2 protein chains.
Amino acid sequence: MLSLSKKTDYALLVLTTLAQKPKDYVSLRELAIKKNLPYRFLAQVARALVHDGLIISREGSGGGYRLNRPARKISVSDVVTAIEGGVALASCLSHSETECALAVNCPLKKGMPSIQRMVLKTLTKKTVADLLAAK
Amino acid sequence: MLSLSKKTDYALLVLTTLAQKPKDYVSLRELAIKKNLPYRFLAQVARALVHDGLIISREGSGGGYRLNRPARKISVSDVVTAIEGGVALASCLSHSETECALAVNCPLKKGMPSIQRMVLKTLTKKTVADLLAAK
DNA sequence: TTAACTCGTACTATATCAGTACGAGTTTAC
DNA sequence: GTAAACTCGTACTGATATAGTACGAGTTAA
């Protein structure tokens, strides 16, 4: 099944939650308890989002996380990139692959990029704000 | 990394190859040797395509596989469905999941379907014929 | 100084992926 | 009628990815 990982699910959930209090630093533990999600795992996800500059953290008591920019400027593509490292609909489109190992004159190498671009465009268009608006 | 499985890669490769000789039954072993791919594994892929009616098989000497309909009528979405069983960009969109386990009033449940639809539309539009044309 | 936070790495169990192995059944050609 | 060239189907296996858990260190506010 072509699907996003649970980490990405969680990431989107964290971001939509933070988007509802854009100015406050929100405690992740509190969020985890409220939504009944595994805190330690969420923390990994949150750190990845910090790493990619989607959210900002503040350590110490009263700290937590908040968005680093407006929710409408955070696309689903940003999130997928932060958590999963990108999109590669065919193995020859992966960065790590130096060359398409499939076959000589592979039609996928020529044909898949356009699909990949269209999917990426979709993911780039949709933002965290859109997710919230659909609520 | 959001990506299609190697099985799906292979499936697309098989289909584009069959599309070049739409009327002939093509031996999979021959195809495997030519493209330097693992035959037994390909056979699994091919059977899945038969099962979903994308290709037709003929057993026995001189047998093999051929397309069951014109290449322009076989979409990438068809292939993904045959091999991976579909697309579920969020876990709550999966068929097996009876209910979204993430959280009460989850924004993903409301917001993700539209993304999923757009991605599916992209995959449905692109056909095996398109892949070949891009060659 | 302690309570409430985040940071970071290491570990683990399970599932999925990417094949391999093996044998059975089917059809054509000699 | 039998051998060669095919597909069919299930079972197994090793490697990698997923979905967490464990543990402790560092940081800030009250």
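Computed from a predicted structure; not experimentally measured.
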task = Indicate, yes or no, whether a donor-acceptor pair under 3.5 Å links the base of D:dG26 to the side chain of A:R58.
result =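 Checked by distance alone, the answer is no.
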Length of the [atom1]-[atom2] vector between [X] and [N], whole Å:
X     : N      : atom1 : atom2 : value
B:I83 : C:dA18 : CD1   : P     : 12 Å
A:L42 : D:dT21 : CG    : P     : 10 Å
A:I56 : C:dC7  : CD1   : P     : 12 Å
A:K7  : D:dT21 : NZ    : C1'   : 13 Å
A:Y10 : D:dG20 : OH    : P     : 4 Å
B:R40 : C:dG19 : CZ    : P     : 15 Å
B:R29 : C:dT20 : CZ    : C1'   : 13 Å
B:F41 : D:dT13 : CZ    : C1'   : 13 Å

inquiry  = Closest-nucleotide mapping onto DNA chain D: is A:P38 or B:S27 further toward the 5' terminus? I mean the 5' end.
reply    = B:S27
message = I'd like to know whether the aromatic ring centres of B:Y10 and B:F41 sit less than 6.0 Å apart in this structure.
response = yes
[N] phosphate, OP1 or OP2, under 4.0 Å from [X] side-chain N/O:
X     : N      : answer
B:S61 : C:dT26 : no
A:Y39 : C:dT6  : yes
B:Y65 : D:dC6  : no

task = For side-chain hydrogen bond (donor to acceptor under 3.5 Å, both in side chains), just list the numbers for A:K125 and A:S75, CA-CA rounded to whole Å, side-chain angles, deciding distance to a tenth of an Å, and then say yes or no.
result = CA-CA 7 Å; A:K125 260 187 185 167; A:S75 71; over 6 Å; no
message = Within the 3.5 Å criterion, strictly below it, is a donor on A:T81 or A:D78 matched to an acceptor on the partner's side chain?
response =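 Their side chains do not contain a donor-acceptor pair, so the 3.5 Å distance test is not met.
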ask   = If we ignore angles and hydrogens, is there a donor and acceptor under 3.5 Å between the side chains of B:S91 and A:K6?
value = no
Over all atoms of both residues, closest heavy-atom pair of B:N68 and B:G53 =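 Here B:N68 and B:G53 meet closest at ND2-O, 2.9 Å.
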key: Over all atoms of both residues, closest heavy-atom pair of B:A82 and B:L54   =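 Heavy atoms only, the tightest pair is CB-CD1, 4.1 Å.
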Which atom pairs link the protein and nucleotides 10-17 of chain C when you take only N or O atoms and keep those under 3.5 Å?
unit_1, atom_1, unit_2, atom_2, d
C:dA10, N6, A:Q44, NE2, 3.4

task = Starting from the 5' end of DNA chain C, give me the residue, A:G62 or A:S57, whose nearest nucleotide shows up first.
result =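 The answer here is A:G62.
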inquiry  = Using side-chain heavy atoms (C-beta onward) and a distance below 4.5 Å, is A:V80 in contact with B:M1?
reply    = no
